[in-house]
Structures are given as structure tokens and as C-alpha cells.
Peer 1: 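Could you have a look at this structure, given as C-alpha cells, before my questions?
FYI, side chains are in, hydrogens and waters are out, and symmetry mates aren't considered; it's all heavy atoms of this structure. Numbers here are sequence positions counted from 1.
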Amino acid sequence: MADKTSPASGWPLIKGDFHSGDANSCVAVVTMGSHLDEQGICDAGAALCGSCKTENLGLEKVIANVIANPNIRFVLLCGTEVKGHLSGQTLSALHEGGVEGGKVVGSKGAIPFIENLDDAAIKRFQEQVEIVNIMESEDFGEIKAKISELAGKDPGAFGEAPIVVEVKEEEGGGGEEVGEAVELNGDLALIHARFKTIEKMVTDIGYRDRFAAGVYSGKIEGLMIGLIVSFTILGFLLLG
């Protein structure tokens with residue numbers, strides 16, 4: 001049997017949508033926009049199973065649970081893609097290209113901004129697991145067969161301790177299951193993304209304005225000091 005280790009205390013850290021099975025299993029299953037028999041999938045051999053409807057907070061929850069259990073070495077994507085959010089494509093893109101400037105590289109989702117995961121957590125996810133994609137399949141038999149196949153390839157626990165990440169819910173405690181995060185259609189999600197981009201641009205402009213103001217103030221201060229020194233020297237010469 002492959003070497004196993006203990007997950008973080010209280011694993012799975014993010015509960016709610018996630019059902020847990022054998023913590024020693026090497027497979028976590030993400031059903032994306034579908035609600036399947038998650039507990040049945042866990043009983044079929046998965047360590048963890050749950051949906052992922054958003055390309056930001058939803059992804060963060062999946063990754064937080066995975067890196068808190070080094071025994072998980074495969075993340076199996078199944079179920080239907082979420083229109084507008086494209087959480088499945090974004091999760092694959094994050095695994096492949098990481099995050100730059102808070103945005104998932106290569107994501108086609110509307111709002112692929114990561115706020116609760118640092119570079120170490122993302123790198124750990126990339127190194128610990130392999131993404132296996134059978135998305136658009138909701139067939140329990142196919143999912144169960146793939147879990148068995150991956151279990152046969154179990155390389156053993158990842159050789160580092162669990163990483164614990166706190167994923168902060170948005171105000172109101174809604175998470176990704178309530179409010180506009182789930183109800184956004186593609187057009188509204190795109191508008192949301194544009195507002196997010198504009199917000200970032202405004203913040204950047206503010207930083208540039210403050211920098212420019214500092215430079216300008218420095219120039220004025222230098223000019224005044226130069227004039228004072230010049231007048232002082234001129235006064236000494238006239239007195240002499």
C-alpha cells in the first residue's frame with residue numbers, strides 16, 4: 001500500500017457543499033455545476049466530492065481542501081461547466097499557468113480573481129495533484145470507474161505537511177451557493193468582470209497620482225531649498 005499521512009486537523013476544512021470519504025484516498029472529485037450523488041461518489045472511493053460553481057471563491061475552497069490533505073494526488077473534474085463563470089476551465093488553467101496579478105492565467109471565466117490563496121498555496125496545488133478531466137460526464141458508473149483507475153495509480157502521499165488556508169466568505173456569509181455569485185448569467189458575469197477590471201485600473205491610477213504628486217512636491221521643495229541657499233550665499237558675498 002502507498003505511504004499515507006494525516007490530513008490537517010478538522011479536514012475537510014471547508015465544509016458545506018463538500019462530502020468527505022476516506023481521507024487516505026488519492027482522488028478528489030469536483031462535480032463543477034452539477035449536483036450528483038456526492039456522498040455516493042465518496043463511498044465509491046473518493047476522499048472528497050463537491051461542486052464548484054464560481055471561478056474565484058469556489059476554486060479557492062476546492063484548493064484549500066486539497067492542499068490540506070497530502071494524500072490527494074488527483075483532482076477529477078466531471079459534471080457540467082458553469083456558463084459565464086467557466087469554473088472547470090479556470091481550475092485547469094490555474095493548475096497549468098498559476099496566477100499573475102491576482103488573476104488566473106489563461107482563464108476564460110468572467111471573474112477569475114484569486115484573493116485567499118498565496119503563491120505558496122497555488123504552487124503546492126500544482127505540484128501535489130494531477131488534473132483529470134472528464135467534464136460533461138454525469139454518469140456515476142464512468143466516474144466510479146475513473147476513481148478506481150486513479151486509485152490504482154496512487155503514488156502515495158505528497159512529501160510535505162498539509163497547508164492550512166483560511167478562505168474568507170464574502171460579507172453576508174453567503175459563500176458561492178447564494179446571492180449573485182450563482183445566479184449570474186454570462187452577460188451579467190461579464191459586466192461584473194469589467195467592473196472588477198475598472199476598479200483595479202482606478203486603484204492603479206490612484207497609486208500613480210500619489211507618486212506623481214510626491215515627485216512634484218519633491219521638485220518644489222528642492223527648488224525652494226536651492227533659492228534659499230543661493231540668496232544666503234549672495235547675502236554673504238554682498239556683506240563681504
Peer 1: Can you tell me how far apart CG (L13) and CD1 (I67) are? Round to the nearest 0.5 Å.
Peer 2: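 Reported to 0.5 Å precision, the distance equals 9.0 Å.
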Peer 1: Which residues pass the side chain to side chain donor-acceptor pair (under 3.5 Å) test with E81, not counting sequence neighbours?
Peer 2: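 Listed in chain order: nothing, the list is empty.
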Peer 1: Do N71 side-chain atoms and A23 backbone N/O form a donor-acceptor pair below 3.5 Å?
Peer 2: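 Indeed, once roles are kept as given, a pair shorter than 3.5 Å links the two residues.
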Peer 1: Check the hydrophobic clustering (I, L, V, M, F, W, Y; side-chain heavy atoms under 4.5 Å; chains of links allowed) and say if F125 and V99 are grouped together.
Peer 2: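 Yes, same cluster.
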Peer 1: What closest approach, in Å, do A68 and W11 show between heavy atoms, and which atom pair accounts for it?
Peer 2: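 Here A68 and W11 meet closest at CB-CD1, 3.7 Å.
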Peer 1: Please assess Q39 against D43 for the test side-chain hydrogen bond (donor to acceptor under 3.5 Å, both in side chains), listing each intermediate value before the final yes or no.
Peer 2: CA-CA 6 Å; Q39 190 57 57; D43 294 341; 3.3 Å; yes
Peer 1: Report the residues that fulfil side chain to side chain donor-acceptor pair (under 3.5 Å) with N65, sequence neighbours left out, ordered by chain and then residue number.
Peer 2: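 So N65 forms no side chain to side chain donor-acceptor pair (under 3.5 Å) with any residue.
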Peer 1: Look only at the side chain of Q126 and the backbone of L94, and say whether a donor-acceptor pair between them is shorter than 3.5 Å.
Peer 2: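 Answer holds: yes.
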Peer 1: Hey, quick one: are V75 and L59 part of the same hydrophobic cluster, counting side-chain heavy atoms closer than 4.5 Å, chains of contacts allowed?
Peer 2: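 The answer is yes; both residues are in one hydrophobic cluster.
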Peer 1: With sequence neighbours left out, what residues match S6 under side chain to side chain donor-acceptor pair (under 3.5 Å)?
Peer 2: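 In terms of side chain to side chain donor-acceptor pair (under 3.5 Å), with neighbours along the sequence ignored, S6 is linked to no residue.
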Peer 1: Counting distance only, does the side-chain N/O of Q128 pair as donor-acceptor with the main-chain N or O of I72 below 3.5 Å?
Peer 2: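 Yes; at least one donor-acceptor contact below 3.5 Å.
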Peer 1: Is the backbone of P162 close enough, under 3.5 Å, to the side chain of N69 for a donor and an acceptor to pair up by distance?
Peer 2: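 Checking the backbone N and O of P162 against the side chain of N69, no donor-acceptor pair under 3.5 Å is found.
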Peer 1: May I ask whether V165 and V30 are part of the same hydrophobic cluster, defined by side-chain heavy atoms of I, L, V, M, F, W, Y residues being less than 4.5 angstrom apart, directly or through others?
Peer 2: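 Yes, one cluster joins them.
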Peer 1: Enter the distance from T31:OG1 to D37:CG here, rounded to the nearest 0.5 Å.
Peer 2: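 Spacing of OG1 (T31) from CG (D37) equals 10.5 Å.
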Peer 1: Has the side chain of S87 got a donor or acceptor atom that lies under 3.5 Å from a matching backbone atom of C52?
Peer 2: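 Such a contact is found between S87 side chain and C52 backbone.
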Peer 1: Say you draw a straight line from OG of S34 to NZ of K53; how long is it, rounded to the nearest 0.5 Å?
Peer 2: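 With rounding to 0.5 Å, OG (S34) is 8.5 Å from NZ (K53).
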Peer 1: Does a side-chain heavy-atom distance below 4.5 Å link P70 with R124?
Peer 2: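 Heavy-atom side-chain distance check passes, below 4.5 Å.
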Peer 1: Side chain of E60, backbone of N116: donor and acceptor closer than 3.5 Å?
Peer 2: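 Yes; judged by distance alone, with no hydrogens or angles, the pair exists.
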Peer 1: Identify whether the distance between the nearest side-chain nitrogen and carboxylate oxygen of E142 and K146 falls below 4.0 Å.
Peer 2: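 Between K146 and E142 there is no salt bridge, as every charged N stays at least 4.0 Å from the carboxylate O atoms.
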Peer 1: Is there a path from V164 to F158 through hydrophobic residues (I, L, V, M, F, W, Y) whose side chains come within less than 4.5 Å of each other?
Peer 2: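 No.
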Peer 1: Starting from I147 and following side-chain heavy-atom contacts under 4.5 Å between hydrophobic residues (I, L, V, M, F, W, Y), which residues can be reached?
Peer 2: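 In the cluster with I147 are V27, V29, L36, I41, F74, L76, V132, I134, F140, I143, L150.
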Peer 1: Under the 3.5 angstrom rule, does the side chain of S25 hit a backbone N or O of G45 as a donor-acceptor pair?
Peer 2: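 It does hold such a pair.
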Peer 1: Can you tell me which residue pairs pass the side chain to side chain donor-acceptor pair (under 3.5 Å) test with a partner in residues 88-102, sequence neighbours excluded?
Peer 2: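 Qualifying pairs, neighbours excluded: T90-S107.
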Peer 1: Please determine whether side chain to side chain contact (heavy atoms under 4.5 Å, CB included) holds for the pair N56 and E115, giving the CA-CA distance in whole Å, both sets of side-chain angles, and the decisive distance to 0.1 Å.
Peer 2: CA-CA 8 Å; N56 35 60; E115 299 180 354; over 6 Å; no
Peer 1: Start with the C-alpha distance between I114 and V104, add both sets of side-chain angles, then the distance that settles side chain to side chain contact (heavy atoms under 4.5 Å, CB included), and finish with yes or no.
Peer 2: CA-CA 7 Å; I114 301 300; V104 177; 3.7 Å; yes
Peer 1: In Å and rounded to the nearest 0.5 Å, what is the CE to CD distance from M32 to E138?
Peer 2: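 That separation rounds to 12.5 Å.
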Peer 1: In terms of side-chain geometry, is the basic nitrogen of K4 or D154 positioned less than 4.0 Å from the acidic oxygen of its partner?
Peer 2: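 Looking at D154 together with K4, the answer is yes, because their closest N to O distance falls below 4.0 Å.
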Peer 1: For E136, enumerate each residue passing the side chain to side chain donor-acceptor pair (under 3.5 Å) test, keeping only those at least two apart in sequence or located in another chain.
Peer 2: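 Per chain and number, E136 pairs via side chain to side chain donor-acceptor pair (under 3.5 Å) with no residue.
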Peer 1: Let me confirm one number: the CD1-CD1 distance from I122 to I163, rounded to the nearest 0.5 Å.
Peer 2: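 The CD1 atom of I163 is 11.0 Å from CD1 of I122, to the nearest 0.5 Å.
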Peer 1: At their closest point, which heavy atom of S20 faces which heavy atom of C42, and how far apart are they?
Peer 2: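 Shortest heavy-atom contact: C-SG, 3.7 Å.
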Peer 1: Is it the case that one hydrophobic cluster holds both I131 and L48, taking links as side-chain heavy atoms less than 4.5 Å apart, direct or via other members?
Peer 2: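 In one cluster: yes.
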